[in-house]
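Comments concern the structure below.
Just so we're on the same page: letters track the sequence lines, and every chain starts at 1. Just so we're clear, the structure is a prediction, and the values are computed from it rather than from any experiment.
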Amino acid sequence: MAEVTHWADIVADEVSNKHEKNVVATGITPSGHIHIGNMREVVTADAVYKALNDNMHESTLIYLADNFDPLRKVYPFLPEHYSKYVGNPISEIPCPCGKCSNYAEHFVKPFLVSMEKLGIEPKVYRADELYKSGYYTEAIKDALVNKDKIAKILTETSGREPTDEWSPFNAICRACGKMTSTKVISFDVDKETVDYICECGFSGSVSMQGGGKLNWRVDWPARWKILGVTVEPFGKDHASRGGSYDTGKRIAKEIFNYEPPYPIVYEWIMLANKGAMSSSTGIVVSIDDMLKVVPPEVLRYLIIKTKPEKHINFDPSIPLLTLIDEYEKLKTMEIEKISTYNKRLLDLSKATGICHTDIPFKHMVTIYQVAHGDFEKILEILERVGYETDNRRCIQELITNVQNWLEMYAPPYAKFSVKETLPSKASNLNKVQRAFLCSLAKIISTKEELSGEQYHNLVYQAKEKESVVYKDIVQILNIHEDELAINPKDLFKAIYIATLGTDSGPKAGWFLSSLDRNFLISRFNEAAGDMCNEG
RNA sequence: GGGCCGGUAGCUUAGUCAGGCAGAGCGAUGGACUCUUAAUCCAUAGGCCGAGGGUUCAAAUCCCUUCCGGCCCGCCA
């Protein structure tokens with residue numbers, strides 16, 4: 001088996017053998033901040049969707065926001081008075097910030113933004129709209145009529161015994177608005193209504209069209225049929241024997257007469273030793289937090305290169321940098337040198353609409369620090385160095401990633417700051433180093449702009465007798481040209497000491513070309529001291 | 001209690017469905033380039049494929065048992 005096929009292509013291949021058109025579905029309940037595991041779901045789905053399209057198979061990607069589910073409890077981030085909404089559908093209660101149309105939207109909106117950043121463009125459905133507009137009505141009838149059969153499936157498959165009062169349909173009480181405290185007592189298929197009594201004392205009847213919803217284990221298979229779902233990734237929580245996929249599979253076949261979708265079970269993304277955020281509080285990292293440090297394309301790459309059933313250990317410190325390097329190396333490699341598999345990986349990681357800049361992460365780490373984080377200054381440097389600067393939104397995104405990474409995870413060696421005044425360490429510079437800086441200042445002042453590579457060559461070539469720098473130094477020191485021996489290392493060191501006050505620093509070419517040339521001239525002259533005036 | 005997924009080089013892993021010499025990247029080591037900040041190029045080392053048993057001419061791969069790690073399940077996703 002020399003040729004290795006990417007998992008997304010394998011899935012695409014299998015499902016396209018079964019169906020002409022495929023619908024790849026994802027579904028998430030927006031009852032709180034949508035977290036990292038959910039993002040794996042959508043990226044996984046998107047990879048399969050893309051694989052299908054790439055292989056010329058018609059397919060659709062959908063995201064269904066389960067916003068008709070009841071609020072389960074007062075979450076830690078909610079004010080106490082939300083206790084009165086527990087049991088109400090989250091599409092029907094107010095948003096915590098007061099600015100969104102309802103509670104669910106508060107969490108759906110940022111999630112949609114995150115998806116956009118990741119280049120994922122699903123057809124978005126909202127459960128409340130589907131229910132209210134009658135999409136579910138036939139399924140509700142089927143479920144109610146076949147209540148006993150469904151109960152039997154649940155018992156046989158999951159080993160649980162539904163009580164006599166159990167119903168696949170939860171009515172929303174017209175008085176108190178809760179769907180968790182009602183009991184279905186009868187229904188009318190012709191009128192499409194359901195009668196219920198509620199713990200609040202109210203009893204009445206609701207329409208099947210928006211008056212309530214199927215409970216999860218029945219809702220899921222119903223939805224497969226309603227939306228024609230043929231592939232769906234879901235977390236391993238649903239994948240256990242007796243779990244909701246198991247029961248859903250049978251309910252789909254036996255009640256709704258629908259072939260269940262191809263399952264893709266995926267593992268969680270774990271946050272490596274970042275105790276405070278995940279383990280101690282039990283609160284999972286939000287997608288937002290993740291996108292704070294990881295460029296979207298790199299995040300896609302991480303998820304897509306890992307088979308869904310493997311854990312992903314996400315470590316935002318050094319390993320993240322390794323990951324970014326790995327990705328950028330692949331991206332810039334000559335096409336013939338990339339293996340077929342890696343090419344595919346790269347393809348699937350890129351996506352239309354995703355922010356791609358040609359600026360390497362590490363280079364931005366340098367530029368950002370040179371510019372002290374000032375956006376305009378960064379743009380100026382980028383232009384000077386010759387990067388594409390049209391796409392400001394993407395550049396801004398990258399800057400934000402770099403900034404957050406520097407603040408939160410960067411190792412000390414990655415950090416530096418250009419000193420406002422000449423570092424005191426500069427007084428230790430030897431004669432050759434001073435003469436070199438003096439020469440460098442002179443050359444910079446006579447040239448227009450120097451590229452990173454030119455700077456680099458300037459330093460490197462200084463050790464050759466024919467070079468301008470070498471001759472300058474000989475002249476300044478007033479010695480014979482054979483008396484001078486230059487080690488480029490000392491010259492690089494001189495540059496870092498004069499600017500940063502440290503022995504080492506970021507890659508010299510990039511670094512110098514990022515700095516303002518007038519600054520360089522005066523700083524190098526200053527560091528060279530009287531050595532220069534005499535010259 | 002029941003179940004799911006993983007365990008392959010120091011690390012991250014491919015290969016497991018369909019048995020046929022165990023592959024890659026990073027790291028390490030050596031060398032080249034005497035440009036270096038985790039630079040580039042070349043080379044090398046590194047594996048009882050978690051353990052035990054079984055099936056087979058042949059097992060990382062299939063079957064049984066077992067250990068380790070992660071997780072799920074009480075219809076509330």
- request: From the options G6(B), C76(B), G70(B), select the nucleotide whose nearest atom is closest to the side chain of Arg72(A).
  value: C76(B)
message: As a quick check of understanding, evaluate salt bridge (charged side-chain N to carboxylate O under 4.0 Å, His left out) for Glu165(A) and Lys183(A), giving each step before the final call.
response: CA-CA 7 Å; Glu165(A) 295 174 348; Lys183(A) 221 186 294 177; 3.3 Å; yes
field: Closest non-hydrogen atom pair between Val293(A) and Pro295(A), with its separation
entry: O-CD, 3.5 Å
field: Distance, P atom - from G54(B) to C71(B), rounded to whole angstrom
entry: 35 Å
field: Gap between atoms CD1 and P, on Ile269(A) and G70(B) respectively (whole Å)
entry: 18 Å
message: Give me the atom names and distance for the closest heavy-atom approach of Ala51(A) to Leu348(A).
response: N-CD2, 4.2 Å
- prompt: Donor-acceptor pair, Asn430(A) side chain versus Gln433(A) backbone, under 3.5 Å?
  reply: yes
Interatomic distance where OH belongs to Tyr301(A) and C1' belongs to U12(B) [whole Å]: 10 Å
query: Across all strands, who's sitting opposite A32(B) as a Watson-Crick or G-U wobble pair, both distances under 3.5 Å?
result: U40(B)
- prompt: C72(B) C1' sits how many Å from Trp216(A) CH2, rounded?
  reply: 15 Å
query: When we call it a touch if two heavy atoms are under 4.0 Å apart, what does Asp503(A) touch: a base, just sugar-phosphate, or nothing?
result: nothing
message: Between Tyr125(A) and Tyr63(A) (judged by ring centroids, cut-off 6.0 Å), do the two rings come close enough to count as a pair?
response: no
- prompt: On RNA chain B, nearest-nucleotide positions of Gly242(A) versus Thr180(A): which is more 5'?
  reply: Gly242(A)
task: Quickly work out the His311(A) NE2 to C68(B) P distance and round it to whole Å.
output: 16 Å
Would you tabulate the pairs of protein nitrogen or oxygen atoms and nucleotide nitrogen or oxygen atoms of nucleotides 21-29 of chain B closer than 3.5 angstrom?
residue: C26(B); atom: OP1; partner: Lys329(A); partner atom: NZ; Å: 2.8

task: Measure from CG on Asp246(A) to P on C4(B) and round the result to the nearest Å.
output: 10 Å
message: Rounding to an integer number of angstrom, what distance separates C11(B) and G27(B) when you compare their C1' atoms?
response: 7 Å
query: Does Asp69(A) come within less than 4.0 Å of Lys213(A), counting only side-chain N to carboxylate O?
result: yes
field: Interatomic distance, Leu320(A) CG vs C11(B) C1' [rounded to whole Å]
entry: 16 Å
message: Looking only at the side chain of Lys236(A) (C-beta and beyond, no hydrogens), which of the listed nucleotides U12(B), A38(B), G70(B) gets closest?
response: G70(B)
- line: Heavy-atom nearest nucleotide on RNA chain B taken for Thr306(A) and for Ala239(A); more 5' hit belongs to Ala239(A)
message: For C62(B), give the paired nucleotide (Watson-Crick: N1-N3 plus N6-O4 or O6-N4; G-U: N1-O2 and O6-N3; both under 3.5 Å), or none.
response: G54(B)
task: Tell me what Phe234(A) touches on the nucleic acid: a base, only sugar-phosphate, or nothing, going by heavy atoms under 4.0 Å.
output: nothing
field: Residues Arg344(A), Asp347(A); criterion salt bridge (charged side-chain N to carboxylate O under 4.0 Å, His left out); working and verdict
entry: CA-CA 5 Å; Arg344(A) 190 68 188 129; Asp347(A) 259 9; 3.7 Å; yes
task: Assess whether salt bridge (charged side-chain N to carboxylate O under 4.0 Å, His left out) is satisfied between Glu156(A) and Arg250(A), documenting all intermediate values.
output: CA-CA 10 Å; Glu156(A) 286 173 5; Arg250(A) 282 193 62 189; 2.9 Å; yes
message: Measuring from the side chain of Lys307(A) (C-beta onward, heavy atoms only), which nucleotide among G70(B), G15(B), G6(B) has the closest atom?
response: G15(B)
field: Residue matched to G6(B) through Watson-Crick or wobble contacts both under 3.5 angstrom
entry: C68(B)
task: Under 4.0 Å between any heavy atoms, over every strand shown, what does Gly505(A) touch: base, sugar-phosphate, or nothing? Just pick one.
output: base
Same-atom distance (C1') from A43(B) to G3(B), integer angstrom: 49 Å
Interface polar pairs with nucleotides 7-10 of chain B, N/O, under 3.5 angstrom:
residue: G7(B); atom: OP1; partner: Lys310(A); partner atom: NZ; Å: 3.0

query: Within this structure, what is the OH-to-C1' distance between Tyr245(A) and G3(B), rounded to whole angstrom?
result: 17 Å
task: Can you tell me, in whole Å, how much space there is between the C1' of G20(B) and that of G15(B)?
output: 13 Å
- prompt: If you look at every strand shown and take non-hydrogen atoms under 4.0 Å, does Ser504(A) touch a base, only sugar-phosphate, or nothing?
  reply: base
task: Mind checking Leu321(A) for me? I need base, sugar-phosphate or nothing, with any heavy atom below 4.0 Å counting as a touch.
output: base
Whole angstrom value for the distance that separates P of C71(B) from CH2 of Trp268(A): 11 Å
message: Would Asp482(A) and Lys465(A) count as a salt bridge (charged side-chain N to carboxylate O under 4.0 Å, His left out) here? Give the steps.
response: CA-CA 9 Å; Asp482(A) 291 335; Lys465(A) 284 181 185 167; 2.9 Å; yes
query: Backbone N or O of Val86(A) within a donor-acceptor pair of the Lys178(A) side chain at under 3.5 Å?
result: yes
Minimum heavy-atom distance between Ile90(A) and Asn67(A), given as atom pair plus value: CG1-O, 3.3 Å
field: C75(B) and U12(B), which share atom name P, separated by this distance in whole Å
entry: 38 Å
query: Can the ring centres of Phe314(A) and Trp268(A) be said to be less than 6.0 Å apart?
result: no
query: If we take the P atom in both U29(B) and A45(B), what is their distance in whole Å?
result: 16 Å
- prompt: When only distance counts, do a donor and an acceptor, one from the side chain of Ser240(A) and one from the base of C72(B), lie under 3.5 Å apart?
  reply: yes
- prompt: How far does the C1' atom of A9(B) sit from the matching atom of U13(B), given to the nearest Å?
  reply: 11 Å
message: What's the gap between C63(B) and C26(B) when it is taken at their C1' atoms, as a whole Å value?
response: 37 Å
- request: Hunt down the Watson-Crick or G-U wobble partner of U13(B), both distances under 3.5 Å, from any strand shown, or write none.
  value: G23(B)
